Amino acid sequence: MKYIYYVYQLCIALPLGIVLTIITALSVIIGCSLGFGHFFGYYPGRWWSRCILWLLFIPVRVEGRQHLEKRQSYVFVSNHQGAFDIFLIYGYLGRNFKWMMKYQLRKIPFVGWACEKSHQIFVDKRGPKKIKATYDAARNTLRHGTSVTVFPEGSRTFTGHMGVFKKGAFALADELQLPVAPLTINGSFDILPRMRGVSFVSWHRLTLTIHEPIYPVGQGAENIEATRNQAYDSVMSALASEYQGYVENPDQ
């Protein structure tokens, strides 16, 4: 069955996935250009993510949606197990949000332009002015009531274990006095682990756990550190047993 699944990926899922990606990107670009950014900046990406997982027969389970309030904006922070984290969060979190993503992703054909048109936030650390522009964009998004989603490890894991959480997302939440909502992803590393080369997808269930939001209890360095530690512990608590505990990520 494994090899039949590989042939299916190569001959059916991959071509259809490419077509779906191009159609989705074009719909985002056109819709946002016409002034319908709130809708086209989120829903086509949500449907695209679900279709990709459906094409690959990947089952999904979501736990903890009851922890989120409808009209509250959040700084979502998640572990970063692999490429399928994007499909899981975009498709199944159920919140209109903007990604904070590496600026290099802007170079991906169609996808990068769609991300730019839909005002996703490119994290650029190539100098103080670019860092300031990144955080200005994030502040503007949150002040207008839209949530943001961040991978505070900064990169995908090579081991399945979590790396260190950087403080940027927590400093942003502290400044605006917004709750941080931790997310735990399980299964993404088992589907497609990060490697130096290209690999086939392996079938595995994806699980998204939405933890209780962490509301600010003060403001400043102490609150930032306390929120970061609490978020890290929350995310870690729901990880599969084989990925529990800190293991250094060589790329972090």
Side-chain angles (χ1 to χ4, degrees), residues 38-39 41-54 57-82 84-101 118 120-121 138 141-153 160 162 165 169-191 204-219 223-224 226-244:
H38 185 75
F39 180 89
Y42 171 65
Y43 285 99
R46 182 186 183 188
W47 298 330
W48 165 74
S49 297
R50 291 190 172 210
C51 285
I52 295 296
L53 294 178
W54 177 82
F57 310 111
I58 303 295
V60 172
R61 184 174 70 243
V62 180
E63 302 170 347
R65 278 210 185 100
Q66 72 276 9
H67 294 145
L68 302 180
E69 298 179 24
K70 286 186 178 179
R71 292 176 178 82
Q72 175 67 56
S73 59
Y74 296 96
V75 177
F76 291 103
V77 296
S78 173
N79 60 315
H80 202 3
Q81 280 204 335
F84 276 72
D85 300 346
I86 307 299
F87 304 128
L88 179 60
I89 294 176
Y90 220 164
Y92 291 91
L93 180 59
R95 304 289 295 212
N96 196 329
F97 67 88
K98 301 298 181 186
W99 291 102
M100 291 188 71
M101 58 179 65
S118 59
Q120 308 302 324
I121 302 162
T141 295
L142 288 162
R143 282 173 177 151
H144 284 81
T146 302
S147 299
V148 299
T149 299
V150 186
F151 295 116
E153 294 166 271
M162 280 168 51
F165 277 9
F170 306 98
L172 186 64
D174 175 77
E175 179 185 336
L176 299 178
Q177 289 291 280
L178 289 172
V180 171
L183 308 173
T184 301
I185 291 172
N186 280 299
S188 182
F189 186 77
D190 301 285
I191 290 173
H204 198 282
R205 178 185 294 276
L206 280 170
T207 303
L208 177 65
T209 303
I210 304 168
H211 299 275
E212 290 190 32
I214 305 165
Y215 287 83
V217 293
Q219 192 165 22
N223 180 61
I224 293 170
T227 304
R228 177 167 65 166
N229 291 338
Q230 189 176 343
Y232 188 92
D233 290 342
S234 293
V235 177
M236 180 71 78
S237 70
L239 273 177
S241 58
E242 61 265 38
Y243 301 125
Q244 286 282 333

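Counting begins at 1 with the first residue of the sequence. What's counted below: heavy atoms across the whole structure, side chains too, no hydrogens, waters or symmetry copies. Please read these numbers as outputs of a predicted model, since none were measured by experiment.
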- List the steps and the verdict of ring-ring contact (aromatic ring centres under 6.0 Å, His included) for Y90 and F97. CA-CA 9 Å; Y90 220 164; F97 67 88; 5.6 Å; yes

Give the intermediate values and the outcome of side chain to side chain contact (heavy atoms under 4.5 Å, CB included) for residues L53 and F84. CA-CA 9 Å; L53 294 178; F84 276 72; 3.6 Å; yes

Problem - Derivation of the side chain to side chain contact (heavy atoms under 4.5 Å, CB included) call for S188 and L206 - result: CA-CA 6 Å; S188 182; L206 280 170; 4.0 Å; yes

Exercise. Could you walk me through whether L208 and I185 pass the side chain to side chain contact (heavy atoms under 4.5 Å, CB included) check?
Worked result: CA-CA 5 Å; L208 177 65; I185 291 172; 4.1 Å; yes

If you apply the rule side chain to side chain contact (heavy atoms under 4.5 Å, CB included), what do you find for I121 with T141, and how did you get there? CA-CA 9 Å; I121 302 162; T141 295; 3.8 Å; yes

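Nearest heavy atom pair, residue I224 against residue A171, reads CD1-CA, 3.8 Å. Of all heavy-atom pairs between F170 and F165, the closest is CZ-CD2, 3.8 Å. When every heavy atom of L142 is checked against every heavy atom of S147, the shortest pair comes out as CD2-CA, 4.2 Å. Contact between N223 and P216 at its shortest, heavy atoms only, is OD1-CA, 3.8 Å. Contact record, M162 with L239: SD-CD1, 3.6 Å, taken as the closest heavy-atom pair. The heavy-atom pair separating P182 from P213 by the smallest distance is CD-CA, 4.4 Å.
Between the CZ atom in R228 and the CD1 atom in I214 there is a gap of 12.5 Å [rounded to 0.5 Å]. Separating the OG1 atom in T146 from the NE2 atom in H38 is a distance of 6.5 Å, to the nearest 0.5 Å. Taken to the nearest 0.5 Å, the CZ atom of R95 stands 8.0 Å off from the CD atom of Q72. Here the CZ-CG distance, from F151 to L183, works out to 8.5 Å after rounding to the nearest 0.5 Å. Here L93 contributes atom CG and R65 contributes atom CZ; the two are 7.5 Å apart, rounded to the nearest 0.5 Å. I89 contributes atom CD1, which lies 4.0 Å from atom OG of S78 (distance to the nearest 0.5 angstrom).
A donor-acceptor pair is defined here as one N or O able to donate and one able to accept, closer than 3.5 Å; no such pair exists between the side chain of N79 and the backbone of V235. Without hydrogens or angle criteria, Y74 side chain to E69 main chain gives a donor-acceptor distance under 3.5 Å. Here the side chain of Q120 pairs no donor or acceptor atom with the backbone of M100 at under 3.5 angstrom. The backbone N or O of A181 sits nowhere less than 3.5 Å from a side-chain atom of E212 that would complete a donor-acceptor pair. Checked by atom type and distance alone, the side chain of N186 pairs as donor or acceptor with a backbone atom of A240 at under 3.5 Å. Between the side chain of K98 and the backbone N or O of S118, at least one donor-acceptor pair lies under 3.5 Å. Counting only distance, with no hydrogens or angles, the side chain of H67 and the backbone of I210 share a donor-acceptor pair below 3.5 Å. Within the 3.5 Å criterion, the main-chain N or O of T207 finds no donor-acceptor partner in the side chain of R61.
The closest side-chain heavy-atom distance from V60 to F87 is not below 4.5 Å.
Heavy-atom contacts from other residues, nucleotides or ligands closer than 6.0 Å to OH of Y43 number 12 or fewer.
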